[in-house]
Amino acid sequence: MERKVRVRFAPSPTGGLHLGGVRTVLFNYLFARHHNGDFVLRIEDTDQTRFVEGAESYINECLKWCGMVPDEGPDAGGNYGPYRQSERKPMYRQYAEQLVQQGNAYYAFDTPQELEAMRERLKTPANPSPQYDHNARMQMKNSLSLPAAEVQQLIDAGTPYVVRIKMPENETLVFHDMIRGEVSFHTELVDDKVLLKGDGMPTYHLAVVVDDYLMQISHAFRGEEWLPSAPVHLLLWKYLGWESVMPQWAHLPLILKPDGHGKLSKRDGDRLGFPVFAMNWGTPGTENFTEGFRERGFLPEAFVNMLVMLGWNDGTEQEIFSMEELIQRFSMDRVHKGGAKFDFEKAKWFNHEYIKHYDTEKLTTLVAPYFAAKNCTPDTAQLQQVVGMIKERCTLLSDFWQQGSFFFVRPTEHNIDAIKPKWTPEKKTFFETLVSRFDTLDWNAAALEQGFKDLATEQGIKPGELQLPLRIMLVGDKFGPNVFEIATFLGKEETVARITALLQQLA
RNA sequence: GCCGCGUUGGUCAAGGGGUUAAGACGCCUCCCUUUCACGGAGGAAUCACGGGUUCGAAUCCCGUACGUGGUACCA
């Protein structure tokens, strides 16, 4: 019988949710939805990497913004909770003990100093980082090397200890990865990973196996950095007798720095001037602040689309996908094996595409806050009209203010240098006459343009030479939509005021 | 060092024995527009290297290089 698809994502932000993290969630989400399965959020808050204040609600807000809502989770209830690792603490110990009794794991009493001493002692140029493995374990203080009585004595005395997995020797472990196919490891090269820490909390290795089993997870997707510890997890599934219900695994490629090499980090964003977190993280204005894609002016649809194309495509030339299309077409076997360098220019292109085709009414509600932030609160219908006129020349939501403020606020700065060299008394006369002639014209773009050109012809000046000055008068600089449409929007009174104001400056 | 994974233009990438090796971003040129964009037409630029297998290799195999991840009582 085929199991229902259940995938889980386990974020553990000690900081914000970065691109790689969001993309991992996204692939989890798309796969789950594609198969009509469950999408479960599991929170990894351990004692060591304790959640930073607010991190949990931050994650939930990120997911909501991106349109990926978990079916179950800390707030939604469900049958597999609790979902916070800290609340699941009592569950793990019994499995660790079971492994010890079966001989697949053992107690280790070594102090951090002793571990350090061992590494120092075994270190050679050929082996710069010795492991706690089958070579070293018998030289250490653990229930394999010590007599049973002494072990009991240590435990009775309350000596802190950890539980380590006993890696077998000379075995080759093979497992199937949905992206990479067959992957194999030699067990003697893997160290005896700690399963249960001195404080009684499980390490990721134990927790992820126990939780995935108890939560009946059918598919587990995570970053490529977990591939080397996959053999430990595989062994745990076997030793605990759960191999028949082991999830299918996929190790996702990494997102790399745009320049140079290595994993993309928060520092790269600061250094190169782009966000790496989905949303603002930290306190604005302080050193611990990182701007998010949301606040930078990205639409969530564009953000998600951009992210999914980093490592996946559907094999066609299509690049713009709605979430519904992604769910329909997503398949794990079209995910790339190699990491992808992040390209902010391409990310902006996605956003521009979305803005151009976005519903103007909806776009206006997203743009309004950017105007409000500048103490500009125009009538919604008017703002909507402006948004419609300028949206194709805005890449980010934050561009709308720069591209559209002059519709509502008279420009204070004028790019006079653009017209002054070619300014003549005849042109001055033209604009003075134009103003006086406005009363005879219908106030719409077509009529204004016609009247403007007629007058230019009468006075023997090329209309083109007069359009730039008019633009500078109304807009302040060389940008914006058709100048007659701008005048139409501004209205006769404001248009006249702006023309005369600049005429005085040029005098 | 050892182990894993990877490598098609600057970037994202399609293609997986025979192709003029798609497409997109970015860059450049031209057209449209006497603004900035949008739109349109073009252009430069790629199969990491070396061996095999084959009539034929970007494609299959081996090696090398390079990159990347891991090598913690972090995840």
Side-chain angles (χ1 to χ4, degrees), chain A residues 10-14 44 46-49 85 108 110-112 115-116 119 123-133 160-164 177 179-180 183-186 188-191 193-205 207-208 222-231 251 253-254 256 258-263 306 309-320 334 336-350 352-353 356 390-395 403 415 418 462-468 470-472 475 477-483 486:
Chain A
S12 71
T14 46
E44 279 175 5
T46 67
D47 286 353
Q48 265 77 23
T49 34
Q85 193 172 305
D110 316 274
T111 64
L115 289 174
E116 181 56 33
R119 295 200 177 96
K123 190 150 91 178
T124 63
N127 181 12
S129 46
Q131 306 188 116
Y132 200 121
D133 60 11
Y161 65 88
V162 301
V163 175
R164 285 180 181 271
D177 180 284
I179 297 171
R180 288 149 219 283
V183 181
S184 64
F185 292 89
H186 297 287
E188 65 271 20
L189 268 9
V190 182
D191 62 338
K193 288 266 181 268
V194 171
L195 301 178
L196 200 68
K197 297 187 270 194
D199 61 2
M201 283 295 276
T203 59
Y204 174 82
H205 307 297
V208 77
R222 57 190 176 189
E224 195 185 358
E225 68 269 26
W226 287 108
L227 205 43
S229 46
H251 291 88
L254 269 13
L256 309 169
D259 63 341
H261 307 289
K263 259 201 301 192
M306 171 274 288
M309 296 311 286
L310 232 45
W312 176 88
N313 69 81
D314 79 336
T316 71
E317 288 183 10
Q318 186 173 343
E319 285 194 281
I320 303 292
R334 290 204 64 90
H336 262 241
K337 296 184 179 78
K341 286 184 187 171
F342 177 65
D343 181 3
F344 190 52
E345 291 304 317
K346 184 88 181 199
K348 285 196 290 190
W349 175 80
F350 274 108
H352 193 188
E353 285 298 305
K356 276 189 302 189
I390 63 174
K391 66 177 181 180
E392 70 189 18
R393 61 199 76 212
C394 292
T395 300
Q403 286 289 331
N415 185 355
K462 283 185 197 158
E465 287 190 34
L466 294 160
Q467 271 197 35
L468 185 60
L470 180 59
R471 174 173 296 280
I472 302 292
V475 177
D477 212 334
K478 295 195 280 186
F479 67 91
N482 179 287
V483 72
I486 294 171

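Letters A, B, ... are given to chains in the order of the sequence lines, protein chains preceding strands, and every chain is numbered from 1.
- As judged by a 4.0 angstrom heavy-atom cut-off over every strand, A:His186 is placed among residues making no nucleic acid contact.
- As rounded to the nearest Å, B:A13 and B:G9 have P atoms that lie 11 Å from one another.
- When base pairs are accepted only as Watson-Crick or G-U wobble with both N-N or N-O distances under 3.5 Å, RNA chain B takes part in stems of 3 or more pairs at B:1-7 with B:65-71, B:10-12 with B:23-25, B:27-31 with B:39-43, B:48-52 with B:60-64.
- The side chain of A:Arg334 places an N or O atom within less than 4.0 Å of a non-bridging phosphate oxygen (OP1 or OP2) of B:G15.
- For A:Arg471 and B:C36, the shortest distance from a side-chain N or O to OP1 or OP2 is not below 4.0 Å.
- For A:Arg164 and B:A72, the CZ to C1' distance is 9 Å, given to the nearest whole Å.
- Remark: A:Arg119 is in phosphate contact with B:A72, judged by side-chain N or O atoms under 4.0 Å from OP1 or OP2.
- Counting any heavy atom pair closer than 4.0 Å across all strands shown, A:Gly338 reaches sugar-phosphate atoms only and no base atom.
- Counting any heavy atom pair closer than 4.0 Å across all strands shown, A:Pro160 reaches no nucleic acid atom.
- Residue contacts for A:Asp477: at a heavy-atom cut-off of 4.0 Å it reaches no nucleic acid atom on any strand shown.
- Using a 4.0 Å heavy-atom criterion, one finds that A:Val183 contacts the sugar-phosphate atoms exclusively.
- Rounded to whole Å, the distance from CZ on A:Arg222 to P on B:G70 is 13 Å.
- For A:Lys478, no side-chain nitrogen or oxygen approaches OP1 or OP2 of B:U34 to under 4.0 Å.
- Within 4.0 Å of A:Ser229, counting heavy atoms only, lies no atom of the nucleic acid at all.
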Could you go over nucleotides 24-31 of chain B and give all protein N or O partners under 3.5 Å, atom names and distances?
from	atom 1	to	atom 2	distance (Å)
B:A24	O4'	A:Glu319	OE1	3.1
B:A24	O2'	A:Glu319	OE1	2.5
B:A24	O2'	A:Glu319	OE2	3.4
B:A24	O2'	A:Lys346	NZ	2.6
B:A24	N3	A:Lys346	NZ	3.1
B:C25	OP1	A:Trp349	NE1	3.3
B:C25	O4'	A:Lys346	NZ	3.4
B:C25	O2'	A:Lys346	N	3.4

